[in-house]
Amino acid sequence: LHKKDEPYRRAANSDFIIYLLTLMAVAIFIRTFIFEPVQCIGISMYPTLVGGEGMFTEKLTYTVSAPQRDDIIICRYPYHTEKCVKRVIAVPGDRISIYDGAIYLNGEKLDESAYWDGYIEDSEMPEVTVPERSLFVVGDNRNNSKDSRAWGVGAIPYERITGRAHFVIWPLYAARSI
């Protein structure tokens with residue numbers, strides 16, 4: 001009926017463009033401030049996560065509360081650009097050391113039986129205290145992970161934390177809560 005009505009076509013086209021721009025703005029807002037897809041690369045989080053699995057980074061939790069021990073976070077190491085998926089094992093003020101093939105938190109051997117049952121090879125670390133607004137993170141595959149134990153990484157400042165991983169979403173057959 002309005003195919004030849006030029007003002008109507010212009011209004012319909014501008015409505016469609018405004019709709020697309022609004023949709024793009026909402027998508028950018030959600031990705032920037034709420035959720036962001038991320039992929040686990042490598043074997044450093046095995047067996048909890050397998051290389052190639054995709055998950056969402058949930059970004060809101062850490063705007064209202066501090067990260068807790070055992071959280072699986074997405075972060076960027078200082079002086080590095082790639083994102084890493086790691087487990088928080090120490091929070092600000094905790095004392096952490098590694099000897100006899102195990103991690104010691106505040107003088108007590110850390111119980112990691114839920115995700116690690118091995119011996120940490122070739123890794124001795126004198127006791128350090130995690131600084132304020134920082135975390136000590138490690139991969140669940142302790143012998144194949146570059147993490148807070150490595151030279152040049154150390155404790156991760158809060159501002160380098162992107163968010164928290166809750167669910168594996170890809171591949172679909174491996175979807176689960178973590």
Q: Just how far is it from atom CD1 of Ile89 to atom OG of Ser148, taken to the nearest 0.5 Å?
A: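 Ile89 atom CD1 to Ser148 atom OG measures 7.5 Å (nearest 0.5 Å).
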Q: Apply salt bridge (charged side-chain N to carboxylate O under 4.0 Å, His left out) to Glu58 and Arg164, showing your working.
A: CA-CA 5 Å; Glu58 182 270 314; Arg164 181 176 177 194; 5.8 Å; no
Q: Does any part of the side chain of Tyr104, heavy atoms only, come nearer than 4.5 Å to the side chain of Arg95, both counted from C-beta?
A: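 A side-chain contact under 4.5 Å is absent here.
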Q: Using a 4.5 Å cut-off on heavy atoms from C-beta on, say whether the side chain of Met125 contacts that of Ile96.
A: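 When only atoms from C-beta onward are counted, Met125 and Ile96 do touch, with a gap below 4.5 Å.
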Q: Mind running side-chain contact (heavy atoms from CB on, under 4.5 Å) on Thr162 and Cys75 for me, showing each step along the way?
A: CA-CA 5 Å; Thr162 305; Cys75 62; 5.7 Å; no
Q: Between the main-chain N or O of Gly52 and the side-chain N or O of Gln39, is there a donor-acceptor pair closer than 3.5 Å?
A: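 Here the side-chain-to-backbone pair exists.
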Q: For Tyr46, is the OH atom crowded, meaning more than 12 foreign heavy atoms sit under 6.0 Å from it?
A: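 No, because the 6.0 Å sphere around OH of Tyr46 holds 12 heavy atoms or fewer from other groups.
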Q: Where is the tightest heavy-atom contact between Gln68 and Asp71, given as atom of each residue plus distance?
A: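 Gln68 and Asp71 have their closest heavy atoms at N-OD2, 3.0 Å.
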Q: Under 4.5 Å between any side-chain heavy atoms of Trp116 and Asn141, yes or no?
A: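 Heavy-atom side-chain distance check passes, below 4.5 Å.
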Q: Are any side-chain N or O atoms of Ser97 and backbone N or O atoms of Glu127, one a donor and one an acceptor, separated by less than 3.5 Å?
A: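 No; judged by distance alone, with no hydrogens or angles, the pair does not exist.
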Q: Please say yes or no: joined through hydrophobic side-chain contacts below 4.5 Å, possibly via intermediate residues, are Leu105 and Val128 part of one cluster?
A: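 Same cluster.
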Q: Using only atom types and a distance under 3.5 Å, with no angle test, would you say the side chain of Ser65 pairs donor to acceptor with the backbone of Tyr62?
A: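 Not a single qualifying donor-acceptor pair exists.
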Q: Please find the pair of heavy atoms, one from Leu135 and one from Ile161, that lie closest to each other, and give the distance.
A: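 Leu135 and Ile161 have their closest heavy atoms at CD1-CD1, 3.2 Å.
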Q: Is a side-chain donor or acceptor of Tyr19 paired with a backbone partner of Ser14 at a separation under 3.5 angstrom?
A: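 Absent.
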Q: Please confirm whether Phe167 and Phe56 have ring centers closer than 6.0 angstrom.
A: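 Not under 6.0 Å, so no.
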Q: Show the nearest heavy-atom pair for residues Ala155 and Ser134, with the distance to one decimal.
A: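 That closest heavy-atom pairing would be CB-CB, 3.9 Å.
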Q: Just so I know, are the side chains of Glu53 and Trp170 near enough to count as touching, which here means a heavy-atom distance under 4.5 Å?
A: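 Answer no - side chains too far apart.
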Q: Could you report the tightest heavy-atom contact between Gly93 and Thr129, atom names first, then the distance?
A: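 Looks like O-CG2, 3.9 Å.
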Q: For residues Asp94 and Arg69, report the shortest heavy-atom separation together with the two atoms involved.
A: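 What the structure gives for the nearest pair is OD2-NH2, 2.6 Å.
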Q: Could you give the side-chain donor-acceptor pairs of residues 22-33 under 3.5 Å, partners two or more places apart or in another chain?
A:
{"from": "Thr22", "atom 1": "OG1", "to": "Ile18", "atom 2": "O", "distance (Å)": "2.8"}
{"from": "Thr32", "atom 1": "OG1", "to": "Ile28", "atom 2": "O", "distance (Å)": "2.7"}

Q: Are Met45 and Ile178 co-members of a hydrophobic cluster defined by side-chain heavy atoms under 4.5 Å apart?
A: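 Yes, because Ile178 and Met45 connect within a single hydrophobic cluster, where side-chain heavy atoms sit under 4.5 Å apart.
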Q: Can you check whether Tyr77's main-chain N or O pairs, donor with acceptor, with Arg160's side chain at less than 3.5 Å?
A: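 Here the side-chain-to-backbone pair exists.
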Q: Does any part of the side chain of Ile73, heavy atoms only, come nearer than 4.5 Å to the side chain of Val137, both counted from C-beta?
A: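 Val137 vs Ile73: side chains touch.
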Q: Are Lys83 and Thr57 close enough that a side-chain donor and a side-chain acceptor fall under 3.5 Å?
A: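 Per modelled atom types, Lys83 and Thr57 side chains form no pair under 3.5 Å.
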Q: Would you give the length of the straight line joining atom NZ of Lys109 to atom CD1 of Ile103, rounded to the nearest 0.5 angstrom?
A: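 These two atoms lie 10.5 Å from each other.
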Q: Check whether any side-chain heavy atom of Val88 lies under 4.5 Å from a side-chain heavy atom of Asp70, and answer yes or no.
A: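 No. Closest side-chain heavy atoms not under 4.5 Å.
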Q: Validate the cation-pi geometry between Arg87 and Tyr115: distance from NZ or CZ to the six-membered ring centre under 6.0 Å, angle to the ring axis within 45°.
A: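 Checked: cation-pi criterion met.
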Q: Where the side chain of Asp147 meets the backbone of Gly139, is there a donor-acceptor pair that is under 3.5 Å apart?
A: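 Yes.
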Q: Counting distance only, does the side-chain N/O of Asp111 pair as donor-acceptor with the main-chain N or O of Ser113 below 3.5 Å?
A: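 It does hold such a pair.
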Q: Under 4.5 Å between side-chain heavy atoms, hopping through other hydrophobics if needed: is there a path connecting Phe35 to Ile169?
A: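 Both belong to a single hydrophobic cluster.
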Q: Hey, are the side chains of Val130 and Val91 touching, using non-hydrogen atoms and a 4.5 Å cut-off?
A: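 The answer is no, as the side chains (C-beta and beyond) never meet within the 4.5 Å cut-off.
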Q: Is there a donor-acceptor contact under 3.5 Å from the side chain of Asp140 to the main chain of Leu49?
A: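 Looks like no, no N/O pair under 3.5 Å.
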Q: Below 4.5 Å, heavy atoms only, C-beta onward: do Val138 and Lys86 meet side chain to side chain?
A: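 They are not in contact (no side-chain heavy atoms under 4.5 Å apart), so the answer is no.
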Q: Mind listing the closest non-hydrogen atom pair of Ala66 and Tyr158 along with its distance?
A: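 Taking Ala66 first and Tyr158 second, the nearest heavy atoms are CB-OH, 3.8 Å.
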Q: Please check if any side-chain donor atom of Ser44 sits under 3.5 Å from a side-chain acceptor atom of Asn144, or the reverse.
A: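 No, because no side-chain N or O of Ser44 sits under 3.5 Å from a partner of the opposite role on Asn144.
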Q: Between Arg76 and Glu82, does at least one N-O distance fall below 4.0 Å, as a salt bridge requires?
A: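 The answer is no: the pair does not qualify as a salt bridge.
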